[in-house]
Amino acid sequence: MKNVLIISGVYIATVIGAGFASGQEIVSFFVKYGNASLLGAAAVGILMGAALFGILERCRMNGITDFADYLRFSAGKKGTVFFDVLVTVFMLCVFGTMTACAATLISDTASVKEGFAALGVCLVCFVCFCFDIKGIAVVNAALSPFMIAGIIGVCLYILFFREMSVFAGGIKGLSDNIIISSLGYTSYNLLTAAVIAVNMSGIIKSRRQAALAGKISGGFFLIMIVLLWTVIKIYYGKTELGSVPMLTIVSREGKIPGLIYTAILSVSVMTTAFSSGFGTVNRLGAASGLNKYICSLLVCACGFFLSGVGFSGLIENAYRICGITGIALLYIIMRDFMKITGLIKRVNNRGKKYKKLR
């Protein structure tokens, strides 16, 4: 059970970046499409859990411990190169997004210009990358219960102490935009989460453990995304939410709730910035042969310039592009999930029986 909780915690912590905790992802990918988007948000939780089970079970069955090997098995040689490049690009985008969010938080709390704040964040990250601070992944996993409890607790606090209708305005019909947005959101999260899942798959010893890890991760992610959607939907269109919607909403409830959520956001921002940036440095070094100092400088410089696009701008554009491009990865993972669970075989058998009846 310990190994199941460890891998579930790391998997969830990978997904809970500043984009998720701030609520900006929920606005960009779901809330703006209307009440029916709640179905898409709920589907994401289910897909993330199913994906984790499929990845862990495939790795256990075939003795896979490296993401490149997993891609070679599932997507072939050409697919491996494509997804490897896409993962690296996305990790760099994540680093730039976290830099932008950290700059916004510092600017709002310390009255420092966002450009100088972003430069300071990049300098701190540069020092960390140069000194190989790999323990940030361990810290990220250890802090995931704090982030999960904080997000759920704050959302419940707001819902219990507010008296506003969530579903005012009627339910709009599902559209292609909602479907693509939901699939894209799942896909770009899997670009990094799948790498983590494969690398940690060695601690899973049975199909039951893999299934339990998928259920726990998917369940908690489902609860958090539905709660965030519900809270943000109350205020969306009624008040200016800014680039960090949840912090704007929570701050309306008082100074203490605002400080608590600022702490949650700060933790998620810095741990995600370190892990995504460090991952990009390693991948760039392996591909180019450059030393870690030059790679760290290049990654931090790119992160600084990307932060100029703005926190919400990066999520709305860079994340969406990577997500839509990465839908192919979601397809590969879910196709393998259906093979492992026997869903494809059962569907084919039913098809054959139907043809015989005809």
Validation row: Ile324, Ser187 side chains within 4.5 angstrom (heavy atoms) = no

task = Enter the distance from Ser28:OG to Ile315:CD1 here, rounded to the nearest 0.5 Å.
result = 6.0 Å

Heavy-atom closest contact (Ala102 atom, Val269 atom, distance) = CB-CG1, 3.6 Å

Residue pair Phe53 / Thr341, side-chain heavy-atom distance below 4.5 Å = yes

inquiry  = Going by side-chain hydrogen bond (donor to acceptor under 3.5 Å, both in side chains), name the residues that satisfy it together with Asp69, two or more places apart in sequence or in a different chain.
reply    = Arg72

inquiry  = So does Ala100 get a backbone contact from the side chain of Ser307, meaning a donor-acceptor N/O pair under 3.5 Å?
reply    = no

query = Does a side-chain heavy-atom distance below 4.5 Å link Tyr70 with Ile333?
reply = yes

ask   = Aromatic ring centroids of Phe129 and Phe95 under 6.0 Å?
value = yes

Distance-minimising heavy-atom pair for Ile232 and Ile249 = CA-CD1, 4.0 Å

inquiry  = Distance check, rounded to the nearest 0.5 Å: Thr192 atom OG1 versus Phe67 atom CZ?
reply    = 9.5 Å

ask   = For Asn3 and Lys205, what are the C-alpha separation, side-chain angles and deciding distance, and is it a side-chain hydrogen bond (donor to acceptor under 3.5 Å, both in side chains)?
value = CA-CA 9 Å; Asn3 289 342; Lys205 305 302 180 184; over 6 Å; no

pair Arg60-Ser201: side-chain heavy atoms closer than 4.5 Å = no

task = Could I get the full list of ring-ring contact (aromatic ring centres under 6.0 Å, His included) partners for Phe221, not counting sequence neighbours?
result = Phe20

query = Among all residues two or more places apart in sequence or in another chain, which pass the side-chain hydrogen bond (donor to acceptor under 3.5 Å, both in side chains) test with Tyr185?
reply = Glu25

task = Taking Ser181 for its side chain and Phe29 for its backbone only, find out whether a donor-acceptor pair lies under 3.5 Å.
result = yes

message = Quick check: is Leu297 connected to Leu123 through a chain of hydrophobic side chains (ILVMFWY, heavy atoms under 4.5 Å apart)?
response = no

remark   = Residue pairs passing the salt bridge (charged side-chain N to carboxylate O under 4.0 Å, His left out) test with at least one member in residues 267-289, sequence neighbours excluded, are Asp84-Arg283

request  = Check the pair Val94 / Tyr319 against side-chain contact (heavy atoms from CB on, under 4.5 Å), numbers first and verdict last.
outcome  = CA-CA 8 Å; Val94 171; Tyr319 276 32; 3.7 Å; yes

ask   = According to a 4.5 Å side-chain heavy-atom criterion applied to Ile, Leu, Val, Met, Phe, Trp and Tyr, with indirect links allowed, do Ile260 and Ile158 form part of one hydrophobic cluster?
value = yes

query = For the side chain of Lys339 and the backbone of Arg335, is there at least one donor-acceptor N/O pair under 3.5 Å apart?
reply = no

Verdict with reasoning, Ile7 to Gln209, per side-chain contact (heavy atoms from CB on, under 4.5 Å) = CA-CA 10 Å; Ile7 200 165; Gln209 286 186 339; over 6 Å; no

note = Note: Cys93 and Cys322 closest approach over all heavy atoms is SG-SG, 4.5 Å

ask   = Do the side chains of Leu329 and Leu71 get nearer than 4.5 Å, heavy atoms only?
value = yes

request  = Give a yes or no answer on whether the side chain of Ser8 reaches the backbone of Leu5 with a donor-acceptor pair at less than 3.5 Å.
outcome  = no

key: Smallest separation among heavy atoms of Gly258 and Leu247, with atom names   = O-CD1, 3.8 Å

ask   = For the side chain of Tyr11 and the backbone of Met48, is there at least one donor-acceptor N/O pair under 3.5 Å apart?
value = yes

query = Donor-acceptor pair, Ser37 side chain versus Gly34 backbone, under 3.5 Å?
reply = yes

inquiry  = Quick check on Phe305: does its CZ atom have over 12 non-hydrogen neighbours (other residues, nucleotides or ligands) under 6.0 Å away?
reply    = no

key: Check: Ala41 main-chain N/O paired with Ser182 side-chain donor or acceptor under 3.5 Å   = no

key: Over-ring placement of Arg320 relative to Tyr188, 6.0 Å and 45° cut-offs   = no

Closest non-hydrogen atom pair between Leu306 and Gly96, with its separation = CB-CA, 4.1 Å

message = If you define the side chain from C-beta out and look only at heavy atoms, does anything of Leu38 sit under 4.5 Å from Lys233?
response = no

N/O donor-acceptor pair under 3.5 Å between Thr325 side chain and Ile321 backbone = yes

remark   = Taking every heavy atom of Thr239 against every heavy atom of Arg252, the minimum-distance pair comes out as OG1-NH1, 3.7 Å

inquiry  = Walk me through whether Val154 and Leu227 qualify under side-chain contact (heavy atoms from CB on, under 4.5 Å).
reply    = CA-CA 10 Å; Val154 169; Leu227 283 174; over 6 Å; no

ask   = What distance do Leu265 atom CG and Thr104 atom OG1 have between them, rounded to the nearest 0.5 Å?
value = 10.5 Å

request  = First locate atom CG of Leu190, then atom CG of Leu52, and finally report the distance between them rounded to the nearest 0.5 Å.
outcome  = 9.5 Å

query = Would a 4.5 Å heavy-atom cut-off, applied to side chains only, mark Thr99 and Phe304 as touching?
reply = no

Reported CD1-to-CD1 distance for the pair Ile204 and Ile6, which is rounded to 0.5 angstrom = 9.5 Å

task = Determine whether Val226 and Ile234 fall in the same hydrophobic cluster, where Ile, Leu, Val, Met, Phe, Trp and Tyr are linked whenever their side-chain heavy atoms lie under 4.5 Å apart.
result = yes

message = Distance check, rounded to the nearest 0.5 Å: Cys59 atom SG versus Met200 atom CE?
response = 12.5 Å

key: Residue list, side-chain hydrogen bond (donor to acceptor under 3.5 Å, both in side chains) with Thr80, at least two apart or on another chain   = none

task = Walk me through it: do Val121 and Ile106 pass the test side-chain contact (heavy atoms from CB on, under 4.5 Å)?
result = CA-CA 10 Å; Val121 171; Ile106 294 170; 3.9 Å; yes

ask   = Are Val124 and Leu119 joined in one hydrophobic group, where the rule is that I, L, V, M, F, W and Y side chains link up if heavy atoms are under 4.5 Å apart?
value = no

query = Do the side chain of Ser296 and the main chain of Lys292 share a donor and acceptor less than 3.5 angstrom apart?
reply = yes

inquiry  = Could you work out, with side-chain hydrogen bond (donor to acceptor under 3.5 Å, both in side chains) as the rule, every residue matching Asn199, not counting sequence neighbours?
reply    = none

ask   = Heavy-atom distance under 4.5 Å between the side chains of Pro257 and Tyr261, does that happen here?
value = no

Single-linkage hydrophobic cluster, 4.5 Å side-chain cutoff, Leu47 and Ile179 together = yes

task = Examine distances only and state if a side-chain atom of Asn291 and a backbone atom of Tyr293 form a donor-acceptor pair shorter than 3.5 Å.
result = yes

